[in-house]
Amino acid sequence: MNKLLRANFTRLWKNKVFRGCIIFMFLDAVNTVISQYMSFKKYGGEKELYFYENLALGQTVAVSIIAAIFIGLFIGTEYSNGTMRNKLLIGHSRAAIYFSNLAVCVAAAILIHVVYVATTLIGGLIAFGSFFTQSDVLIKLFAVSLIVVTAFAAMLLPISTLIPSKSAGVTTVIMFSFVLMMLTMIINGGLNEPKVYEAYTIIDASGEEISEPEMENPFYVGGIQRKIYEALYDIVPTCHAARIQLDDMPENPAVIPLWSSAVIVVTTAVGAVFFRRKDLK
Amino acid sequence: MSKLLRANFARLLKSRLFWLGTFFMAALGTYFPIQNYNIMQKEERTISPDGAFFMFALIIPLILSVFCGFFIGTEYSDGTMRNKFIVGGRRITVYMANFLICTAAAFIISAAYAVPYLICGIPLLGTFNADISHIIVIMLCVLAVTEVFTAIFTLIATLIPNKANGAVSCILMGLALFISGIYGGLYIRSSLAADNLSETKREICEFLYDFLPGCQLIQLCNMNAVHPLRMFLYSVFIASAATVIGILTFRKKDLK
């Protein structure tokens with residue numbers, strides 16, 4: 001296992017896709033800080049609001065797509081270059097191979113996430129002069145985001161490991177991640193629809209009073225569909241990332257880390273079991 | 001050329017990815033009008049078929065990005081490309097045959113959405129509110145912008161011989177154009193709505209809103225394109241430019 005880990009991490013540091021992901025996240029972070037600062041200069045207002053919008057943990061959902069690109073190509077290369085066969089030939093167990101791959105994928109996903117967080121925090125501190133939050137709140141949220149990012153890697157790895165074709169594997173992983181991201185947007189949008197539109201009265205330019213009575217919102221999600229949406233909002237890791245990003249944490253703060261941990265355990269168990277049984281030809 | 005096209009068509013009709021995309025779009029084309037009809041019944045209000053008819057314009061680029069990357073990537077990985085050259089195919093012919101087959105796939109997948117939508121939508125939701133001429137104009141613009149995506153994906157997939165890298169590059173380009181279209185479109189629209197925009201900046205924003213394929217998609221899927229002719233011409237220009245660049249680069253490429 002130690003040897004596998006060392007070999008995997010050596011490959012990681014040399015991997016061009018990984019470097020590309022890190023550079024992309026760094027540039028994205030710098031661009032976000034600069035655009036937030038330019039908006040502040042242009043429109044003024046509370047520095048705190050500009051700081052919170054998109055800085056620090058504001059790109060956690062996007063990590064799922066970036067990590068998917070890396071994981072798909074990194075694991076796919078193990079198959080296409082014969083690395084997987086070599087590892088098995090010299091006597092490593094499939095479980096050891098799976099867990100060492102998991103370790104390197106989790107490390108890569110966390111590093112990709114940390115680059116964005118660290119760059120925006122340092123950039124934000126330079127541009128706005130403060131973090132505008134208590135450090136313990138930020139640290140707790142950051143710790144939760146690390147579990148969520150680990151869940152991304154744990155969830156994507158089985159797909160990539162169980163599809164030996166590099167191109168098919170990487171495409172499936174990226175599309176799966178994209179579908180989860182879209183699902184998160186739909187769920188978040190659906191749950192935020194109000195049940196009724198409040199009654200209102202306005203006076204238009206000609207001085208005439210216009211009143212609208214209270215109206216039911218046709219897009220309100222209710223009944224069983226709402227229950228399903230709420231359950232998915234609690235379970236799916238990309239939804240967790242969106243909740244961290246949008247500061248929409250549940251009343252019980254343990255919900256997100258617990259569900260993310262459950263996703264990690266279940267997907268890893270499923271991945272490891274299927275990988276042991278897989279006919280690798 | 002005709003032999004290459006025939007061979008490509010035979011491959012297209014056997015492509016599982018093509019059929020998956022076609023069935024997926026057909027399912028969406030059936031689902032949207034039925035879903036709108038259910039809402040109409042529940043809420044006791046009318047929903048015209050206009051609203052969701054051009055929604056496929058948003059999804060087509062993503063499906064095409066996967067399809068083109070795999071279809072052309074397989075030509076390299078299975079040695080089809082080499083065989084085509086060995087039997088005397090010219091590079092320009094091979095490129096154009098691939099481009100035309102991807103275009104045909106794009107149009108068939110679009111039709112797979114539009115036809116079931118019309119078959120289910122008109123009996124359930126009634127006729128379109130918009131003029132038929134307006135719908136035809138928007139449809140032509142959608143097909144033109146689809147052509148832009150096809151040209152870009154063909155260019156990428158042909159110039160990257162590694163199947164996995166080509167497929168990933170196509171998907172990422174598709175996602176980038178899709179996401180930048182949505183966010184860029186919103187940003188440009190909010191900029192245009194501001195009163196204090198200078199004349200030059202306004203002209204640049206208007207140009208980008210009509211020129212960028214992602215922004216065109218946003219306008220077309222809502223059927224509120226202000227300058228359809230301009231958008232159509234921009235699409236033809238981008239697709240032609242991408243194809244010419246693709247052919248010139250492919251002719252000089254060392255294919256080993």
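All figures in this text were calculated on a predicted structure; none of them were measured in a lab. Chain A is the first sequence line, chain B the second, and so forth, proteins listed ahead of strands; every chain is numbered from 1.
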**Request:** Identify which one of V17(A), L73(A), V170(A) satisfies the side chain to side chain contact (heavy atoms under 4.5 Å, CB included) criterion when paired with N165(B).
**Result:** L73(A)
**Message:** Does anything in residues 76-87 of chain A reach chain B? List residues with heavy atoms under 4.5 Å apart, or say none.
**Reply:** none
**Request:** Answer whether the closest heavy-atom distance between the side chains of F178(A) and L62(B) falls below 4.5 Å.
**Result:** yes
**Request:** Give a yes or no on this: more than 12 heavy atoms of other residues, nucleotides or ligands lie within 6.0 Å of atom CE of M185(A).
**Result:** no
**Asked** How many angstroms lie between atom CG of L172(B) and atom CD1 of I66(A), to the nearest 0.5 angstrom?
**Response** 8.0 Å
Side chains of residues 19-35 of chain B: which donor-acceptor pairs under 3.5 Å do they make with residues two or more places apart or in other chains?
from, atom 1, to, atom 2, distance (Å)
W19(B), NE1, L13(B), O, 2.6
T22(B), OG1, F18(B), O, 2.7
T30(B), OG1, A26(B), O, 2.7

**Prompt:** Take atom CE in M223(B); do more than 12 heavy atoms of anything else shown fall under 6.0 Å from it?
**Reply:** yes
**Prompt:** Which bit of I171(B) is near chain A, if near means a heavy-atom gap under 4.5 Å: side chain, backbone, both or neither?
**Reply:** side chain
**Message:** Heavy-atom count check: over 12 atoms from other residues, nucleotides or ligands less than 6.0 Å from K253(B) NZ?
**Reply:** yes
**Asked** Heavy-atom count around F128(B) CZ within 6.0 Å, excluding the residue itself: above 12?
**Response** yes
**Prompt:** Got more than 12 heavy atoms from elsewhere within 6.0 Å of OH, Y37(B)?
**Reply:** no
**Asked** So, for A164(B) and S167(A), which heavy atoms are closest and what is the spacing to 0.1 Å?
**Response** CA-CB, 3.6 Å
**Item:** Pairwise distance CE(M175(A)) to OG(S65(B)) - rounded to 0.5 angstrom
**Value:** 5.5 Å
**Request:** For atom NZ of K201(B), decide whether the heavy atoms of other residues, nucleotides or ligands shown that lie under 6.0 angstrom number more than 12.
**Result:** no
**Item:** Neighbour count >12 (heavy atoms, 6.0 Å) for atom CZ, R226(A)
**Value:** yes
**Complete:** CG of L175(B) to CD1 of I174(A), rounded to nearest 0.5 Å, is 7.5 Å
